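Just so we're clear, the structure is a prediction, and the values are computed from it rather than from any experiment.
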Amino acid sequence: MALTGRTALLAALGSLPVGILAPSWTGMLAVNAPLSLAILCDYALAAPVRTLRFTRSGDTSVRLGDAADVQLTVTNPSNRRLRAHLRDAWPPSSWLTGTEQAASRHKLTVPAGERRRITTVLRPTRRGDRQADRVTVRSYGPLGLAARQGNHKVPWTVRVLPPFTSRKHLPSRLARLRELDGRTSVLIRGQGTEFDSLRDYVPGDDTRSIDWRATARRTTVAVRTWRPERDRHILVVLDTGRTSAGRVGDVPRLDAAMDAALLLTALASRAGDRVDLLAYDRRIRAQVQGRSAGDLLPALVNALAPLEPELVETDARGLSAAALNSAPRRSLIVLLTNLDAAPIEEGLLPVLPQLTQRHTVLVASVADPHIQHMSTARGTIEDVYDAAAGTQAKAQRRRTAEQLQRHGVTVVDATPDNLAPALADAYLALKAAGRL
């Protein structure tokens with residue numbers, strides 16, 4: 001039995017001796033039998049908690065930053081009216097800080113034999129699966145002097161998906177893609193290998209594009225136009241090792257890499273290319289293969305949602321072998337990793353020839369904007385030391401990038417806000433140059 005605040009108030013006012021709050025019910029009844037009897041009757045008239053039945057419905061997935069509504073239906077099969085306070089418990093990251101109590105606690109009344117539905121609004125602050133913990137119900141008697149309390153397990157899972165904040169850059173990149181495809185009035189000659197059509201020569205055209213046979217059959221000089229290749233294979237590889245756990249700004253490096261991967265996938269699928277995903281550190285953490293254009297992005301988002309960095313050193317040889325196994329023919333391999341000197345020089349560089357021999361390789365990395373801020377600081381001795389450290393860090397990343405470029409690798413090094421559009425631009429540049 002749980003005594004309520006109303007009972008404590010009666011004790012404080014003197015209507016109920018303090019002995020009523022003692023653990024011995026025999027002593028309570030002996031001290032103030034009428035009021036103690038009222039409490040026992042109130043407890044007896046409270047609807048039982050154990051026989052309550054619960055079912056859930058509502059959202060099973062939500063983008064990070066959005067709200068999810070989860071409905072809980074409470075059925076009261078007893079012959080007593082349920083007057084209850086209910087707590088629908090979820091992990092702390094299911095709500096914004098300070099809002100959990102208001103969002104998870106409900107007051108409800110359910111007549112005998114009826115049911116009621118309540119809604120818990122979740123606003124998750126982290127990616128991944130959020131699972132309902134338990135439902136705690138405190139059932140009060142009609143006088144509010146005593147209550148029954150119990151817990152129920154009511155399973156439900158809400159998957160929190162990556163927010164895909166870089167989707168705002170997709171329209172501008174699609175416009176550039178249409179220009180490469182020749183779908184706009186802008187005259188751009190793609191350097192791809194797929195023949196598109198013939199048109200009249202205009203000053204400034206590459207003379208190597210002149211079609212002499214077609215010119216011989218007409219009165220004007222004809223030139224070939226080309227369009228970027230289609231149906232090319234792109235393998236996006238996410239390094240989920242320890243370096244991906246480092247936070248840049250407010251988010252881990254892995255989250256910024258995911259956002260860039262989503263924008264690239266959306267753009268490449270609209271360009272007619274096939275995209276696969278591989279997440280690896282010392283084993284495969286996630287993989288998406290062979291999906292159609294319509295199913296690709298949802299499958300990718302769903303696979304990335306529960307992915308978390310692993311605090312282990314990435315096995316570069318294993319990563320290379322897994323990438324080669326996932327890309328049996330010539331592909332564009334986009335490796336999202338960190339440009340720290342040690343992991344690149346000791347891990348990636350020794351196995352890089354295996355990848356570049358058969359594939360076009362692009363390495364994308366998340367740069368820390370704080371380093372740029374440090375390198376420009378002046379004014380105090382501490383600022384000068386910060387500037388020296390920032391300049392040294394930038395020079396080291398630049399040397400690492402140059403090492404990769406000497407092996408024929410395209411390198412994209414950008415801050416979290418700029419990584420996704422910079423990677424999309426690098427993909428379009430490779431496509432326009434016919435290097436896919």
Notebook entry, point to check: So, do Asp259 and Phe164 sit near enough that their side-chain heavy atoms are less than 4.5 Å apart?
Noted result: yes

Indicate every side-chain donor-acceptor pair of residues 410-417 with a distance under 3.5 Å to a residue at least two apart or in another chain.
from: Asp413; atom 1: OD1; to: Arg397; atom 2: NH2; distance (Å): 2.6
from: Asp413; atom 1: OD2; to: Arg397; atom 2: NE; distance (Å): 3.2
from: Thr415; atom 1: OG1; to: Asn418; atom 2: ND2; distance (Å): 3.0

Checklist line | Leu267 side chain near Tyr427 side chain, heavy-atom distance below 4.5 Å | finding: yes

Check: Is a side-chain N or O of Ser365 found less than 3.5 angstrom from the main chain of Leu339, in a donor-acceptor match?
Finding: yes

Check: Do Glu100 and Arg105 have side chains that get closer than 4.5 Å, going by heavy atoms?
Finding: no

Next item on the list: Indicate the ring-plane relationship of Tyr140 and His85, choosing parallel, tilted or perpendicular according to the 30° and 60° boundaries.
Entry: perpendicular

Notebook entry, point to check: Are Arg56 and Asp88 ion-paired here, with the side-chain N under 4.0 Å from a carboxylate O?
Noted result: yes

Notebook entry, point to check: With side chains defined as the heavy atoms from C-beta onward, is the minimum distance between Ile344 and Leu349 less than 4.5 Å?
Noted result: yes

Margin query: Are the side chains of Ile333 and Thr360 in contact, using a 4.5 Å heavy-atom criterion?
Written below: no

Could you list the donor-acceptor pairs under 3.5 angstrom formed between side-chain atoms of residues 297-307 and any protein atom two or more places apart in sequence or on another chain?
from: Asn302; atom 1: OD1; to: Arg159; atom 2: NH1; distance (Å): 3.3

Notebook entry, point to check: Looking at Val160 and Arg126, what are the two nearest heavy atoms and their distance?
Noted result: CG1-O, 3.2 Å

Margin query: Please tell me whether Thr109 and Arg81 have a donor and an acceptor in their side chains that are separated by less than 3.5 angstrom.
Written below: no

Check: More than 12 foreign heavy atoms under 6.0 Å from CD of Gln392: is that the case here?
Finding: no

Check: For the side chain of Ser331 and the backbone of Ala327, is there at least one donor-acceptor N/O pair under 3.5 Å apart?
Finding: no

